[in-house]
Amino acid sequence: MRVYNFSAGPSMLPESVLAAAQREFLDFSGTGMSVTEISHRNPKFEEIVSEGEALLRNLLRIPDDYAVIFVQGGASTQFAAVPLNLMHKKKADYLVTGNFAKKAYQEGLLYGDAAKIASSEDRNYTYIPDPDAVPYRNGTDYVHICSNNTIFGTRYTKFPQTEAPLVADMSSDLLSRVIDVSKFGVIYAGAQKNLAPAGVTIVIAKRSLISDPLPVCPTMLRWKVQDENKSLYNTPPCFSIYMAVLVLRELAAKGGIEAIEQINEYKASLLYDLIDNSSFYRNEVCKKDRSIMNVPFTTPSKELDAAFLKGAEARGLVSLKGHRLVGGMRASVYNAMPIEGVQALAAYMKTFEKEHCHENFET
Ligand SMILES: *Cc1c(COP(=O)(O)O)cnc(C)c1O
């Protein structure tokens with residue numbers, strides 16, 4: 001039986017996509033081979049890569065002067081690729097709004113004068129600092145942000161407007177909402193949250209910024225090299241790219257990112273409205289900064305949290321345990337989570353509250 005999987009990543013993929021992949025798993029596109037068996041130089045596979053790029057360009061309205069590449073190593077490798085491609089003046093600003101943003105900053109420190117110019121660590125990352133009130137420094141190579149903080153359940157609703165190119169880790173919200181790519185210098189995202197199985201990472205980068213990587217930048221991390229080779233410099237993560245294309249086709253068929261964003265807003269509102277109308281459940285995040293992808297919440301006690309998770313599991317609502325840095329629960333409701341899954345979770349939350357709200361607990 002398929003369950004509703006609220007995992008933060010790797011996470012749910014559309015059932016239709018899994019079924020399509022299964023149907024053609026033994027014979028990809030009439031080749032008589034599995035997509036996991038054919039050469040990445042096979043024209044049929046090259047077509048898949050081109051289609052993936054074209055779909056991303058259409059869905060996100062990516063301007064022509066931006067490279068769109070598929071690379072390996074996850075978002076964590078991009079934490080290093082960012083300074084290695086961009087840090088000419090050895091000076092960059094970082095907004096630290098969560099665990100991954102902090103890791104990106106720490107990686108930046110290895111290459112130059114990376115500065116934590118804003119942070120929400122003082123309140124356990126439950127808010128996003130006002131991007132207009134941040135003391136950006138002059139003469140930096142870039143400003144780095146994480147658009148959606150997967151662990152803490154926050155997101156930017158307004159992006160920094162900076163003189164230096166804006167670089168964003170969008171691993172957990174790329175393709176979930178409309179963005180203006182032209183406002184960013186570089187966007188990168190590991191696929192396993194919202195797009196595909198683990199293995200492929202998307203990089204979208206303004207070409208004028210990436211023409212001159214630092215001399216020490218490894219060839220594999222040179223975005224320019226990956227761009228010139230159409231993501232086929234070496235063997236790419238073929239299966240993940242193929243799965244990403246199946247997902248992208250479905251997003252396009254559903255009406256694109258505008259339509260997806262509306263559904264995502266609706267799904268998140270089902271949970272936030274329930275939490276806000278309850279004195280039993282809590283979400284600690286500053287309301288205006290709430291993520292629509294990751295919804296952390298708690299019951300009045302650790303014991304009830306444990307009971308909640310156990311009962312959820314029994315109903316086929318799985319992977320709801322919160323990250324160890326936050327505790328409680330976290331419902332990750334990425335693009336592939338059906339509305340029915342969120343409705344099932346909301347119904348269970350109501351039932352659980354009714355059953356337990358009269359118990360003695362410290363509030
Ligand atoms: C999951 C995640 C990462 C880490 O991705 P890997 O692919 O495991 O390296 C980085 N940033 C964000 C925002 C994430 O959600």
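Ligands are counted one by one from 1 in listed order, and the atoms in each one are counted from 1 as well. This chain uses plain numbering: 1 for the first residue, then up along the sequence.
Here the protein heavy atom with the shortest distance to atom 4 (C) of ligand 1 is Phe100 CE2, 3.5 Å. Lys193 NZ, 2.5 Å is the protein heavy atom nearest to atom 2 (C) of ligand 1.
More than 12 heavy atoms of other residues, nucleotides or ligands sit less than 6.0 Å from atom CD of Glu258. Surrounding NZ of Lys91 are more than 12 heavy atoms belonging to other residues, nucleotides or ligands, all under 6.0 Å away. More than 12 heavy atoms of other shown residues, nucleotides or ligands fall within 6.0 angstrom of atom NZ in Lys158.
Minimum interatomic distance between Val342 and Met337 (heavy atoms only, all atoms of both residues): CG2-CG, 3.8 Å. Residue His40 comes nearest to Leu232 through the heavy atom pair O-CD2, 3.9 Å, listed as atom of the first residue, atom of the second, then distance.
Within the 4.0 Å heavy-atom shell around ligand 1 one does not find Lys103.
The residue among Ser332, Ala75, Cys146 with a heavy atom at the shortest distance from atom 5 (O) of ligand 1 is Ala75. For atom 11 (N) of ligand 1, the candidate residues are Asp169, Asn148, Thr150; the nearest heavy-atom contact is made by Asp169.
Near Ser76, with a cut-off below 4.0 Å to any heavy atom, the atoms of ligand 1 are 4 (C), 6 (P), 9 (O). For ligand 1, the atoms lying closer than 4.0 Å to a non-hydrogen atom of Ser171 are 10 (C), 11 (N), 12 (C), 13 (C), 14 (C), 15 (O). Which parts of ligand 1 touch Gly74 is read off a 4.0 Å heavy-atom cut-off, strictly below it: atoms 7 (O), 9 (O).
The stretch residues 211-223 participates, sequence neighbours left out, in these side chain to side chain donor-acceptor pair (under 3.5 Å) pairs: Gln78-Trp223.
Here Gln192 has side-chain heavy atoms under 4.0 Å from ligand 1, and that is the only part of it that gets that close.
For the pair Lys193 and Phe100, the cation-pi criterion (under 6.0 Å, within 45° of the ring axis) is fulfilled.
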